[in-house]
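Working notes, beginning with the structure itself.
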Number of protein chains: 2
Amino acid sequence: MFSKATEYALRATIYIAQKSSVDNKLSIHEIAKAIDSPVSFTAKILQLLTPGNKVISAVRGPKGGFYITEQSKKLPVRAILIAMGESKILDKCVLGLNKCSEAKPCPMHSQYKNIKQQLISLFETKTIQQLAEDIDGGIAFLNSKKG
Amino acid sequence: MFSKATEYALRATIYIAQKSSVDNKLSIHEIAKAIDSPVSFTAKILQLLTPGNKVISAVRGPKGGFYITEQSKKLPVRAILIAMGESKILDKCVLGLNKCSEAKPCPMHSQYKNIKQQLISLFETKTIQQLAEDIDGGIAFLNSKKG
DNA sequence: ATAATTAAAGACAAAGTTATCTTTAATTAT
DNA sequence: ATAATTAAAGATAACTTTGTCTTTAATTAT
């Protein structure tokens, strides 16, 4: 559904939300290892989420690393998608038409519209914090490694 | 949601279903123009749908071109997706985890599962014929061109 | 101040997707 | 048979995504 970059962004953000605090920042190495992603690529991706502490926060130097503010934890998943430029996926129609609309619907429009709305609402209502809590509570997992 | 190749495959198949018959085959040029796709690339894509008349049929030479059998018109949209190798999209989890399952669900699993099931069932029940008929009946459109 | 540590920034490489162009093969009409 | 027409097949190019590596900048500790 999303690009690898966005998948890594989602996993990284959830991991950071679960494990970090201002006094316990996480290195890019720890994050990448935990979410099973390439270190340098993940570093690049997190740079899309840090400017202006948009989603996560970073500080350089010793004792530095990544963390997320309590405020940002309350952001919906959609905030990550927007930062990753994935919002068009939730606009596009199944057939990739430029002009698919209520007035000129593609033949999948009416059914897909409803499903897409559920997706949007899932990403709009689910917060980063909720996802992290599910993992903390042991009812969800972030294990990616094959085997 | 799908690759450009798959979008073109879907549009082309629907167009062929709507306009062609065994006695009125369509050239790749007409198809590509109608669905607003690059001619040669579309030709390549249709080669994925023709072997064994899997989804559409093709004959070479004068009076040749593409058409679809009445039998194939009854195929579900999913047949196109399978031919295009897109089936993994409907398996993958939102976070791209290799091991997301009922036993070890990712934190989006339970909600996404339901939405994904609706998508699968849409692609499973909707037939090529139904899509073509919606266009024929004027209640749906295949217009892609910007403007 | 200096050294050490960490993310940011930038250049680059590998792989995948999208797209084009040329040649070949099949079919039809003459 | 020959020429004309059409899709199939193959080579290649452009672009995007994914990934790596090196250098720079910020921060901390000594």
Side-chain angles (χ1 to χ4, degrees), chain A residues 1-13 16 20 22-33 35-68 83-86 88-89 92 96 144, chain B residues 1-13 16 20 22-33 35-68 83-86 88-89 92 96 144:
Chain A
M1 146 154 264
F2 297 118
S3 67
K4 288 238 179 241
T6 296
E7 289 173 357
Y8 297 153
L10 290 165
R11 304 217 295 261
T13 302
I16 294 166
S20 82
V22 184
D23 321 296
N24 183 28
K25 307 191 190 73
L26 309 178
S27 76
I28 188 64
H29 299 277
E30 172 180 351
I31 294 165
K33 189 175 181 192
I35 68 169
D36 190 29
S37 66
V39 177
S40 296
F41 190 40
T42 308
K44 276 271 180 287
I45 291 162
L46 293 193
Q47 287 176 26
L48 298 170
L49 306 178
T50 49
N53 299 328
K54 203 187 312 179
V55 178
I56 60 178
S57 305
V59 285
R60 293 197 263 201
K63 300 283 179 183
F66 296 91
Y67 68 99
I68 186 167
M84 295 300 296
E86 290 274 15
K88 71 176 174 305
I89 281 192
K92 268 182 57 174
S144 176
Chain B
M1 143 153 266
F2 296 120
S3 67
K4 286 231 180 253
T6 295
E7 290 173 357
Y8 297 154
L10 291 166
R11 305 217 294 261
T13 302
I16 293 166
S20 83
V22 184
D23 321 296
N24 184 28
K25 307 190 192 74
L26 310 179
S27 76
I28 187 64
H29 299 277
E30 173 180 350
I31 295 165
K33 189 174 181 191
I35 69 169
D36 190 29
S37 65
V39 177
S40 297
F41 190 40
T42 307
K44 276 271 179 287
I45 290 161
L46 294 192
Q47 287 176 28
L48 297 170
L49 305 179
T50 50
N53 300 329
K54 204 186 312 178
V55 178
I56 60 179
S57 304
V59 285
R60 294 197 263 200
K63 301 282 178 183
F66 296 91
Y67 68 100
I68 186 167
M84 294 300 297
E86 290 274 15
K88 69 176 175 306
I89 281 192
K92 268 181 57 175
S144 176

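In the text below, chain A, chain B and the rest are named by the order of the sequence lines, each starting its count at 1. Keep in mind that this is a model prediction, so the values were computed, not measured.
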Problem set entry | Validation row: A:Lys54, A:Leu48 side chains within 4.5 angstrom (heavy atoms) | no
Seminar exercise, completed: To the nearest angstrom, the CD-C1' distance between A:Gln47 and D:dT23 comes to 13 Å
Seminar exercise, completed: Taken to the nearest whole Å, CZ/B:Phe66 to C1'/D:dT5 is 14 Å
For this session: Please state how far atom CD1 in A:Ile89 lies from atom C1' in D:dT17, giving the value in whole angstrom units.
Result: 13 Å
For this session: Using a 4.5 Å cut-off on heavy atoms from C-beta on, say whether the side chain of B:Val39 contacts that of B:Lys33.
Result: no
Exercise. Can you tell if the side chain of B:Ile31 reaches within under 4.5 Å of the side chain of B:Arg11, non-hydrogen atoms only?
Worked result: no
Name the pairs: protein N/O against N/O of nucleotides 25-28 of chain C, kept only if under 3.5 Å.
{"residue": "C:dA26", "atom": "O4'", "partner": "B:Arg60", "partner atom": "NE", "Å": "3.3"}
{"residue": "C:dT27", "atom": "O4'", "partner": "B:Arg60", "partner atom": "O", "Å": "3.4"}

Problem set entry | Watson-Crick/G-U partner (both atom distances under 3.5 Å) of C:dA19 | D:dT12
For this session: For B:Glu30 and D:dT5, give me the distance from atom CD to atom P, rounded to whole Å.
Result: 17 Å
Problem set entry | Gap between atoms NE2 and P, on A:His29 and C:dT5 respectively (whole Å) | 12 Å
Got a list of protein N/O to nucleotides 17-19 of chain C N/O distances below 3.5 Å?
{"residue": "C:dT18", "atom": "OP1", "partner": "B:Lys4", "partner atom": "N", "Å": "2.9"}
{"residue": "C:dA19", "atom": "OP2", "partner": "B:Tyr8", "partner atom": "OH", "Å": "3.1"}

Exercise. What integer distance in Å separates B:Met84:CE from C:dG16:P?
Worked result: 17 Å
Problem set entry | Watson-Crick or G-U wobble partner of D:dT30, both distances under 3.5 Å | C:dA1
For this session: Calculate, to the nearest 0.5 Å, the distance between atoms NZ and OG belonging to B:Lys4 and B:Ser37 respectively.
Result: 10.5 Å
Problem set entry | 5' priority, DNA chain D, between B:Ile31 and A:Thr42 [closest heavy atom] | B:Ile31
Seminar exercise, completed: As its Watson-Crick or G-U partner within any shown strand, both distances under 3.5 Å, C:dT6 has D:dA25
Exercise. Atom CG of B:Leu46 and atom CZ of B:Phe66: how far apart are they, to the nearest 0.5 Å?
Worked result: 4.5 Å
For this session: Starting from C1' on C:dT5, measure out to CD1 on A:Ile28 and report it in whole angstrom.
Result: 15 Å
Exercise. Any side-chain N or O of A:Ser27 less than 4.0 Å from the OP1 or OP2 oxygen of C:dT5?
Worked result: no
For this session: Look at B:Thr50 and D:dA8 and indicate whether a side-chain polar atom (N or O) is within less than 4.0 Å of OP1 or OP2.
Result: yes
For this session: Give A:Ile45 one of three labels, base, sugar-phosphate or nothing, depending on what nucleic acid heavy atoms sit under 4.0 Å from its own.
Result: nothing
For this session: Look up atom CE in B:Met1 and atom OG1 in B:Thr6, then write down how far apart they are to the nearest 0.5 Å.
Result: 11.0 Å
For this session: To the nearest Å, give me how far apart CG (A:Leu46) and P (D:dG19) are.
Result: 14 Å
Seminar exercise, completed: In this structure, CG of A:Asn53 is separated from CD1 of A:Ile56 (nearest 0.5 Å) by 9.5 Å
Seminar exercise, completed: Scanning all shown strands, the Watson-Crick or wobble mate of D:dG19 with both distances under 3.5 Å is C:dC12
For this session: State the CG-OH distance between A:Leu26 and A:Tyr67, to the nearest 0.5 angstrom.
Result: 12.0 Å
Exercise. Going by heavy atoms in the side chains, are B:Lys25 and B:Ile16 under 4.5 Å from each other?
Worked result: no
